[in-house]
Number of protein chains: 2
Amino acid sequence: MAQPYRPDADRAAQWLLGALDAVAVWRELPALAEHADADLARHVLQEAATFVHEVVAPLNRAGDETGARWQDGRVTSPPGFRDAYQAFWRAGWPALSAPPALGGQGLPVALEFVLYEWLSAANHAWTMAPGLLHGAVECLRHHASAELQARYLPRLVSGEWLATMCLTEPQAGSDLGLVRTRATAGADGTWRLQGTKIFISGGEHDLTDNIVHLVLARLPDAPTGPKGLSLWLVPKVLPDGRRNAVVCERIEDKMGLHGSPTCVLRFDDAQAWLVGQPHQGLAAMFVMMNAARLHVALQGIGLLDAAWQIAHAYAHERVQMRAPQRRDPSRAADPIIEHPAVQRLLDTQRAWIDTGRLLAYRTALALDVGHQHPDAARRSTAQQWCALATPVLKAAWTAQAFHGASDCLQVLGGHGYVREWGIEQIVRDARVTMIYEGTNEIQAHDLLLRKTLPDGGAVLSQTLQMLRDEVPTAAPSWHEGVERLLGLLDRLARANEAQRSALHAVASDFLRAVALTLMGWARARLGALDADWDVATGTAFDRWVWPEQAWRCEMVARALDTAP
Amino acid sequence: MAQPYRPDADRAAQWLLGALDAVAVWRELPALAEHADADLARHVLQEAATFVHEVVAPLNRAGDETGARWQDGRVTSPPGFRDAYQAFWRAGWPALSAPPALGGQGLPVALEFVLYEWLSAANHAWTMAPGLLHGAVECLRHHASAELQARYLPRLVSGEWLATMCLTEPQAGSDLGLVRTRATAGADGTWRLQGTKIFISGGEHDLTDNIVHLVLARLPDAPTGPKGLSLWLVPKVLPDGRRNAVVCERIEDKMGLHGSPTCVLRFDDAQAWLVGQPHQGLAAMFVMMNAARLHVALQGIGLLDAAWQIAHAYAHERVQMRAPQRRDPSRAADPIIEHPAVQRLLDTQRAWIDTGRLLAYRTALALDVGHQHPDAARRSTAQQWCALATPVLKAAWTAQAFHGASDCLQVLGGHGYVREWGIEQIVRDARVTMIYEGTNEIQAHDLLLRKTLPDGGAVLSQTLQMLRDEVPTAAPSWHEGVERLLGLLDRLARANEAQRSALHAVASDFLRAVALTLMGWARARLGALDADWDVATGTAFDRWVWPEQAWRCEMVARALDTAP
C-alpha cells in the first residue's frame, strides 16, 4: 500500500548548499546576505518536509477519489483540503520569499521552489491552489497601481486570499491573440468585463474567503491580436463585501487532478480594475506565466520522484523469478529490483529526477541573482540562464514525469494499473503538466524559434561554454556532446527561411538535445559531490540517458539537410 | 465532440487483398481454398465495420463512466453491454474462423483479426469479454478430453458462453511457477480447487449464462515451480445447473477499462475437470496465451487508430496561430493541422498504425498457413514468423498505443485532458495493454533471450533475409538497417555468459530495433501499393520513425561492448 510522499530534506540541503554553493550566492545579494545561511536553509527545509509529509501528503488519495464538487455555482473542496490550506498560510509558507516590506519573510526563492516541488509530489491537486500566488504577487508588484497593491498585495503575499490566471477561452488556447472577453467603462471609473474563460484552475473554491482573478481582455478600442490585450484584476468579493458578477458555470471532468477545480468562469459585467497600461496585458501576464512555468517544471520533477518512491519500495518487496546474476542460489525467486530491466528503469528515472532538481535549484538561485545582484552583468547572465532553462525544464521534465511515472507503474505490473498503490493517479495527474502554462510544443518553439535562432544561438553558446568551464573533469563523452551541440548551433545560425520552416517540426528534438546536455552538467556536478551517486545514478545516466543526445542532434541536423 | 469509432473496411480489404495477396495464400490451404475469395472478404469486412460502428462503438463512453459494478458477488455490466454481446454472438461473429465441424464458419483467421482490431478501437472494455474465446477454443480443441470438448466447445465456439484465463495470484504474476492454487481429488472422479486468483478479466458478469474458467493449479503430488502446474476447466454453472463454488470477491478499481470487470475469484472447493496431462498445464495454457498476445497487439493498433481519428478531426477544425508556411495570408490563424509539429505528430502515429496493421495482418495469414498448409516447410516458416512477430507486435504496438494516444491527446491541448473528446479514456484504457498477457519486458525477454540468443539469431536472420528479398526496391537506408541488425545478430551469436546478463537490460532496445526493421518492410510494401500513402505516411516514417533503428542497435551493441 502506498505511503504518503516523504521529502528528503537532507539531500535537498546537501545539493543546494554543497553542489550549488548557495550560501556564496546569497552572500552577494544585499537582501539575503545577512540572514540566509546554511543553518537557516536546513531548518526551513526540515520544517517544510514535515509539513508536506504530515499535513498535505495524506490528503492526496481522497482528493483524487472525492474530487472537487460543483453545485449551483459553488465548489466544495475534497475532505481536509481547506483545513490544510488554512494551516499552510497561517504558518507563513506562502510569504517565504516575499519582501519583508510586503509582509514576507525575505528568504531565498530557492527554498520556496524546493517546497513547491515537494508539495506537488505529495499532492499535486492541492498544490494547484497556492501555485499561482508567487506569480500573481510579482505581476501586481510590477504593474498594478499603488491603490490596487495596497488593497490586494498583503493578503496575496500572506496567502489569505488566492489568485487565478484567466487567459484561455473556448476559441483561444495557445493563441491568446484570439481572446474575445471585452471591457466596457463603468460609471464609477472602474471597468466591467463580459466574456467566458475556460480551464481556470481554482476559479472557484472554498479554501479562502476571496479569490483575485487576473484576466486578459480587450478595451473597446483595442486592436485585434495579442497587442490589443489588457490585464484586469477582478475580485470574487468586491471591496464593499458584495459578490462580484463572476459565475462558475461548471467544473471540468478531467483525466486527473480531480481535487483541483478547473472552472468555466462567466464574467457578467464583472467589476474590474485595469492592471498596468492599456494593451500591455500580455507582457504583464508573462511575468506571472514565467513564474508558473518554472513551478510546472518542479511539479514534473516532484511527481516523478513520487512515482519513483512507490516503484522503488515495491521493487524491493516484490519477489518474482530468478534474476540472471542469482545472488542467492537458495531462493525460488528474487526481489525484482535485482532484475536488470527493472534496475535500468528505476535508475533512469532517478537520473532524470536528480539532474532535473539540480538544474531547477540552480535556476531558482539565478532568479534571485537576476533580480537582486548589484552587478548588472551578473544579473544579465542569471536572467539569460532563466530564460533558456525555463522552457527546457518545463517541457523535458513534464514529459518525463508522465512517461517516467508510467515506467514506474510498469514496475508494479497489474498492481500499478489498479488504484491501490496510488501510482496510476500520478500518471493521470502528471499528464496535464505537458499541456498547461504553454504546451510543450510551445516551449520547444520558444527555445528554438524565439530564443536561439534570432541571436544565431549566441546566448545558448555562451551558456554551454560557461557550463563546460564549470565541470572540466566531466566525462569526455559529455564534452563531445557539448561540441556537437555547439556545432549544431553554428549551423542553425546560418539557417535560411526555408529551413526555418522545417525547423518547426524538430523544435522538440532540439529542446531535448539541450535538456540532455544540461543534464550532463548536473550529472558531472553530482558525481563529483557524492561517490555513491556517481556509481549508481551517474553510471545509469551515462548508459541509459545520455546516448539520446547524439540522436536528437542528428534529427535537427537532418531537418537542415533535407529542407529545400 | 467525439464520434463513435468508424472502421475503414475498404482500406483493410485493399491491404489484405492487395498488399498481402491474401487470396493467393488462402488458395493453398485446403480448408479455405474453395470459399475464401476477395468478394467474401470484402463482404465480411463491410458487415463487421457496420456492426462495430453502429452497435459496439456507441457504448464506449458509458462503459467508462458507469463501469462494471459489483454487489454481493454479482457483477452488472454497463448499459447496453449485454444486449450488444447477445447480438454479437447470435450474429455468428465469434464463430467466424472456427472449423465448420465445430459449428464455425471456417473463414480465414485474418478476418477475425481485423474484426477484433476494430472492436478494440471502438470499445476496448466490451471487447475484453469475447477476446479470450478464440484462445480458449484452441486450448480445449488440442488438450481437452472428448467428453469435455463435447460439453463445452460448441457453446464457446458460438460465443453463447464466455471464457476466462485464471493464472495470476497475489504472489504469482509474471512468475507463474509461484502459483499456489491446489487441486484435491473429489469422490466423484472430478477434482476440487482451492485458492484465489486475481486480475481475472470477465471472471464474473451478466453477459452470458455461463462462464468457463481455465485455471492453473497444482495436483497434490506436484513438484514446485512451473513444471508442477496443471490446467483445469471450472465452469461457473455446473452441468447439473447448480452454481459452482467460484466466488467473485470484488472487482478492481482501475486506471481505465472501467467497463470490463477485473475480478478476484475465490475457488472454494470448486468442482474442476483436468484439461490435458497432469503437470502439463503451462504448455496447454500457452496455446491460449499466444493467441491472446496477438489480440493484445491488435488492441494497441486499434486504440492508436481511435486516438488518431479524434486528433486528426480536431486538428482540421481547431484554428490557432499562424502556421509558418502561411498558405492563406488573409487568415488570423490557421487550422493546427498546418502546423509542422502537429503534422509530424499525427503522421508519426499514422505510420505506426499502418505498418503495424500490415504486420499484424501478415501474422494472421501466417497463423492459418502454420496450421493448415500441406507443405511442412511452409508451415514451419509461417510458425517461425508468428513466434517472432508475436512478442514484437505485442510490446511495440501496445507501448505505441499508450504513448501515441498521449501524443494525440496533446494535439487537443487542454481539451484532450478533459473527458469531452474521449481521448483521455483511450490513454487510460491503452495503458493496461503494456502489462497484461505478459508485460512488455517479458515480451522483450522472450524475443532476445529465448527466441534469438539460443539459436544464435539464425531464425531471425533468415526472416530478415526473406523480408529483404520481398522488397528489393525499398529505400537504401532500410537495406542498411537490415545489414546493421544482421551484423548485430552475428555479434549476439558470439555473446558470452557475462554479456548475456548485461543483455537483459537492453532486451527492450533489441525488440524495438526489430520492430522498426519489420516496419520498414511494411513501409516499402505500402509505398509500392499506394503512391499517396508513400508521399504522406511513408515519408513521415522515413523522417520521424526510422532514425531510431540505428540508435537502438547501438544501445544493444554498447551493452555487448561494456559487459565484463
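Here is the naming used below: chain letters follow the sequence lines, and residue numbers restart at 1 for every chain. Everything quoted here is computed from the prediction, not taken from an experiment.
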Cut-off 4.5 Å, heavy atoms of chain B, and the answer for Val319(A) is backbone
Would you check if the side chain of Arg431(A) reaches a backbone N or O of Ser406(B) as a donor-acceptor pair within less than 3.5 Å? yes
Using non-hydrogen atoms only, which part of His415(A) is less than 4.5 Å away from chain B: side chain, backbone, both, or neither? both
Could you tell me which portion of Leu257(A) (side chain, backbone, both or neither) has an atom closer than 4.5 angstrom to a non-hydrogen atom of chain B? both
Interchain contact, Ile251(B) with chain A, by part (heavy-atom threshold 4.5 Å): neither
Looking at chain A, which one of Thr262(B), Val506(B), Leu503(B), Asn440(B) has the largest number of heavy-atom pairs inside 4.5 Å, strictly under? Val506(B)
Arg331(A) atom CZ: more than 12 heavy-atom contacts under 6.0 Å: yes
Counting heavy-atom pairs under 4.5 Å to chain A, which of Thr439(B), Thr224(B), Leu409(B) comes out on top? Leu409(B)
Please report the closest heavy-atom contact between Pro340(B) and Ser501(A), naming both atoms and the distance. CG-O, 4.1 Å
Give a yes or no on whether the backbone of Gln320(A) and the side-chain of Asp175(B) come within a donor-acceptor separation of less than 3.5 Å. no
Establish, yes or no, whether a centroid distance under 6.0 Å links the rings of His403(B) and His403(A). yes
Under 4.5 Å from a heavy atom of chain B, the part of Ile423(A) involved: neither
Ranking Gln325(B), Arg543(B), Glu548(B) by heavy-atom pairs under 4.5 Å to chain A gives rank one to Glu548(B)
Which of Pro324(A), Gly177(A), Ser174(A) touches chain B most, by non-hydrogen pairs under 4.5 Å: Pro324(A)
I'd like to check His504(A) versus Val342(B) (side-chain heavy atoms, cut-off strictly below 4.5 Å). Are they in contact? no
Can any side-chain N or O of Gln410(B) pair as donor or acceptor with the backbone N or O of Ile435(A) at less than 3.5 Å? no
Indicate yes or no: does Arg344(B) engage Asp509(A) in a salt bridge with an N to O separation below 4.0 Å. yes
At a heavy-atom separation under 4.5 Å, does Ile336(B) approach chain A through its side chain, its backbone, both, or neither? neither
Establish, from distance only, whether the side-chain atoms of Gln171(A) and Arg318(B) form a donor-acceptor pair under 3.5 Å. no
Pair Val411(A)-Glu441(B), side chain to side chain contact (heavy atoms under 4.5 Å, CB included): steps then yes or no: CA-CA 10 Å; Val411(A) 172; Glu441(B) 289 70 28; over 6 Å; no
Shortest non-hydrogen contact from Phe199(B) toward Gly414(A): CZ-C, 3.5 Å
Are any of the side-chain heavy atoms of Pro547(A) and Glu554(B) separated by less than 4.5 Å? no
What distance do Asp253(B) atom CG and Glu65(A) atom CD have between them, rounded to the nearest 0.5 Å? 6.5 Å
Part of Arg419(A) lying under 4.5 Å from any heavy atom of chain B: both
Contact part of Arg428(A) toward chain B, heavy-atom cut-off under 4.5 Å: side chain, backbone, both or neither? both
Report yes if some heavy atom in the side chain of Met555(B) is under 4.5 Å from a heavy atom in the side chain of Trp544(A); otherwise report no. yes
Would you check if the side chain of Glu252(B) reaches a backbone N or O of Val418(A) as a donor-acceptor pair within less than 3.5 Å? no
Under 3.5 Å, is there a donor-acceptor pair between the side chain of Tyr417(B) and the main chain of Gly256(A)? yes
